[in-house]
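Below: the structure, in structure tokens.
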Amino acid sequence: MLQGTLDMLILKTLLMGPAHGHTIAHIIEHTSEDILQVEQGSLYPALHRLEDRGWLSSSWGTSENNRKAKFYKLTAAGKKQLVAETTRWRQIARAIGLVMGEG
């Protein structure tokens, strides 16, 4: 994935509501028709980075399979960041399309 893309996808996924890491990865993979694979080695550092930046908050809870899990929630700052990153992504995607002769 391009630099920063995972962050944007995590923020977008959490727009639907709080979720734990495994669910976030599953939603991204399922929604992308399994084209985007999210590795745990990338996901959890990204979640911690987003939380450190104030774009996510977290709390402990119980997962669907009755295990202790950390649930992440989008903050107001995270929603604002998602808008900025979505705008940036659309500009980049358009520019790449132009270079590839698709525009």
Side-chain angles (χ1 to χ4, degrees):
M1 284 191 226
L2 289 173
Q3 180 76 26
T5 305
L6 180 58
D7 292 359
M8 180 181 62
L9 296 174
I10 290 169
L11 295 173
K12 176 66 174 178
T13 300
L14 291 173
L15 195 58
M16 296 183 268
H20 58 84
H22 178 75
T23 297
I24 293 167
H26 177 76
I27 289 169
I28 291 170
E29 291 170 4
H30 179 76
T31 304
S32 73
E33 298 177 348
D34 295 321
I35 293 171
L36 302 175
Q37 298 295 312
V38 182
E39 303 295 328
Q40 286 188 3
S42 299
L43 177 65
Y44 289 98
L47 288 168
H48 294 206
R49 180 176 60 250
L50 296 174
E51 189 172 17
D52 288 346
R53 291 178 180 169
W55 300 339
L56 302 180
S57 61
S58 66
S59 59
W60 289 97
T62 305
S63 69
E64 306 82 34
N65 58 2
N66 221 19
R67 290 188 174 164
K68 187 176 178 181
K70 197 172 192 180
F71 284 78
Y72 295 89
K73 180 181 176 183
L74 196 59
T75 64
K79 289 177 186 176
K80 185 177 179 180
Q81 184 63 27
L82 176 58
V83 170
E85 292 201 19
T86 301
T87 299
R88 182 176 153 268
W89 172 255
R90 288 186 175 133
Q91 291 170 339
I92 291 169
R94 181 181 178 277
I96 291 170
L98 290 170
V99 172
M100 297 303 293
E102 298 169 7

Donor-acceptor pair, side chain of T62 and main chain of K68, under 3.5 angstrom: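 No, the answer is negative, given that no donor and acceptor are paired below the 3.5 Å cut-off.
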In Å and rounded to the nearest 0.5 Å, what is the [atom1] to [atom2] distance from [X] to [Y]?
X: E39; Y: L6; atom1: CD; atom2: CG; result: 10.5 Å
X: M8; Y: R88; atom1: CE; atom2: CZ; result: 8.5 Å
X: Q37; Y: D34; atom1: CD; atom2: CG; result: 5.5 Å
X: L56; Y: K70; atom1: CG; atom2: NZ; result: 10.0 Å
X: K79; Y: L11; atom1: NZ; atom2: CG; result: 11.5 Å
X: L14; Y: S57; atom1: CG; atom2: OG; result: 9.5 Å

State, with a plain yes or no, whether a side-chain heavy atom of H48 is found less than 4.5 Å away from one of Y72. yes
Heavy-atom distance under 4.5 Å between the side chains of I24 and L9, does that happen here? no
Under 4.5 Å between side-chain heavy atoms, counting indirect links through other Ile/Leu/Val/Met/Phe/Trp/Tyr residues: same cluster for [X] and [Y] or not?
X: L15; Y: V83; value: no
X: F71; Y: Y44; value: no
X: I27; Y: V38; value: no

Partners of T31 by side-chain hydrogen bond (donor to acceptor under 3.5 Å, both in side chains), sequence neighbours excluded? none
Pick from L82, T86, L74, I28: which one makes a side chain to side chain contact (heavy atoms under 4.5 Å, CB included) with K12? L82
Taking all non-hydrogen atoms of both residues, which atom of [X] and which atom of [Y] are closest, and how far apart?
X: A77; Y: G54; result: CB-O, 3.8 Å
X: Q40; Y: P45; result: O-CD, 3.8 Å
X: L43; Y: A25; result: CD2-CB, 4.0 Å

Counting only heavy atoms not in R94, do more than 12 sit closer than 6.0 Å to its CZ atom?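 No.
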Can H26 and T23 be counted as having a side-chain donor-acceptor contact under 3.5 angstrom? no
